[in-house]
There are 2 protein chains.
Amino acid sequence: MLSKKTKYGLKALTYLASIDTKEPVQISEIAKHENISQKFLESILLTLRRNGFLGSKKGKGGGYYLIKKPEEIQMTAVMRVLEGPIAMVPCVSLNFYEKCDDCPDENTCAVNRLMLQVRDGALQVYRNNTLADLIS
Amino acid sequence: MLSKKTKYGLKALTYLASIDTKEPVQISEIAKHENISQKFLESILLTLRRNGFLGSKKGKGGGYYLIKKPEEIQMTAVMRVLEGPIAMVPCVSLNFYEKCDDCPDENTCAVNRLMLQVRDGALQVYRNNTLADLIS
DNA sequence: GATAATCCTATCAAACTAGTAGGGTAATAA
DNA sequence: TTATTACCCTACTAGTTTGATAGGATTATC
């Protein structure tokens, strides 16, 4: 299941992309427009900023804004930051690989074989979509 | 993340399929072979039986066995029973559809648009794999 | 220096996960 | 018929995660 954190993060990003201005947008405005708890959104935008997707400005007239162009923001990167690993099991994860402690051999593991395909399917979608694709 | 329930369920099914006999296999044997807590596995096999994947026999010489041929067991069905919806958001789920309460319009929702593709990718994999494919 | 906005930490209730405990029930074999 | 085997079933629980909320600290503008 997709977490609300990811869902809200995606909605915030697409809202900022659709605004089509580089002026900072306040958290309250995004929260209101997307029906999100403002305080919760606050923490999400913070992690998006810390991971290089957003810039921020404090004080009056402040807010958040996109740093890159929507066409340059790949969903793979967004998903990894908000949701974590794209793979459903660590033993097929590219960026978060971990060996299963109960599985003696990955090469003969049915779960591994299946989830590898699922991961590739998801990756293909995420790589094929930028923020720009989601708003068009 | 794939739940251990699903992981163990898949491993149990593939073990039964690889055994290539219609004699009942005891829970203890599966648990031992796949490094799974026996009691936990017990409940998993129970749901697999209730959902028409397994048959069981009580008493001495009893155990679980596959009801259908491995080639006839689609991963879509297995995943839905063990893991639940294949879609990551209810609003793109085929079998568990639900409207998002925060989203005014699915047709213009970026999350919807993205997750629809991810669901299709996953479905394609699950539909393309039977239990037989996982053990070959 | 007042105000507006982000920044940051801590806390929390509810739900979920991965089991564990403990016995009940049916089939088999002696 | 009695003992044993093995599935059947319900309830409970420790630990983790999720989706927030509270309350203020910090910084920029006017």
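We name chains A, B, ... by the order of the sequence lines, and we start the count at 1 in each one. Because the structure is predicted, anything quoted here is derived from the model rather than measured.
- A:Met75 pairs in a side-chain contact (heavy atoms from CB on, under 4.5 Å) with only one of the listed residues (A:Val125, A:Leu13, A:Leu131), which is A:Leu131.
- Put simply, B:Ser43 has no side-chain N or O that comes within less than 4.0 Å of OP1 or OP2 on D:dC9.
- Between D:dC30, C:dC7, C:dG22, one nucleotide has an atom nearer to the side chain of A:Lys60 than all others, and that is D:dC30.
- Contact between the side-chain N/O atoms of B:Tyr8 and the OP1/OP2 oxygens of C:dG19 is found at a separation under 4.0 Å.
- The closest donor-acceptor contact from the side chain of B:Asn129 to the backbone of B:Tyr126 lies at 3.5 Å or more, if one exists at all.
- In the interface, the side chain of B:Glu42 is not paired with the base of D:dC7 through any donor and acceptor atom under 3.5 Å apart.
- Separating the CG atom of A:Leu54 from the C1' atom of C:dT6 is a distance of 13 Å, rounded to the nearest angstrom.
- Per the geometry, CG belonging to A:Asn35 stands 16 Å off P belonging to D:dG19, to the nearest Å.
- Scanning atom types as modelled, no donor and acceptor separated by under 3.5 angstrom connect the side chain of B:Gln26 and the base of D:dC7.
- In this structure, A:Lys69 contributes its side chain and A:Ile73 its backbone to no donor-acceptor pair below 3.5 Å.
- Per the geometry, CD1 belonging to A:Ile44 stands 9 Å off C1' belonging to D:dG19, to the nearest Å.
- Cluster membership for A:Ile135 and A:Val78, using ILVMFWY side-chain heavy atoms within less than 4.5 angstrom, is not shared.
- Here the nucleotide nearest the side chain of A:Lys58, chosen from D:dA28, D:dG24, D:dA20, is D:dA28.
- With C:dA18, D:dA20, D:dA28 as the choices, the nucleotide that has an atom nearest any side-chain atom of A:Lys57 turns out to be D:dA28.
- In this structure, of D:dT29, D:dG19, C:dC7, it is C:dC7 that holds the atom nearest to the side chain of A:Tyr64.
- A:Asp102 pairs in a salt bridge (charged side-chain N to carboxylate O under 4.0 Å, His left out) with only one of the listed residues (B:Lys4, B:Lys32, B:Lys7), which is B:Lys7.
- B:Glu29 places its CD atom 17 Å from the P atom of D:dT5, with the value rounded to the nearest Å.
- Atom CG in B:Leu45 sits roughly 8 Å away from atom P in D:dC7 (whole-Å rounding).
- Distance from the side chain of A:Ser56 is smallest for C:dC7 among the nucleotides C:dC7, D:dC8, C:dA29.
- When each of D:dG19, C:dC7, C:dA4 is scored by its nearest atom to the side-chain atoms of A:Lys4, the top-ranked nucleotide is D:dG19.
- At a threshold of 4.0 angstrom between heavy atoms, the contacts of A:Ile27 are confined to the sugar-phosphate backbone, with no base atom among them.
- Counted by atom type alone, A:Thr76 and A:Gln74 present one or more donor-acceptor pairs between their side chains at under 3.5 Å.
- When the side-chain nitrogen and oxygen atoms of B:Arg49 are compared with OP1 and OP2 of D:dA6, none of them lie within a distance under 4.0 Å.
- For the pair A:Lys5 NZ and D:dT17 P, the interatomic distance rounds to 12 Å; values are reported in whole Å.
- For A:Arg50 and C:dC7, the shortest distance from a side-chain N or O to OP1 or OP2 is not below 4.0 Å.
- Whole-Å rounding puts the B:Met1 CE to D:dT16 P distance at 14 Å.
- What separates CG of A:Leu48 from C1' of C:dT6 is a distance of 15 Å, to the nearest Å.
- Remark on DNA chain D: of its neighbouring residues B:Gly62 and B:Lys39, the 5'-side contact belongs to B:Gly62, judged by nearest-heavy-atom nucleotide.
- A residue-by-residue look at B:Ser28 and A:Phe40 shows that B:Ser28 has its nearest nucleotide of DNA chain D further toward the 5' end.
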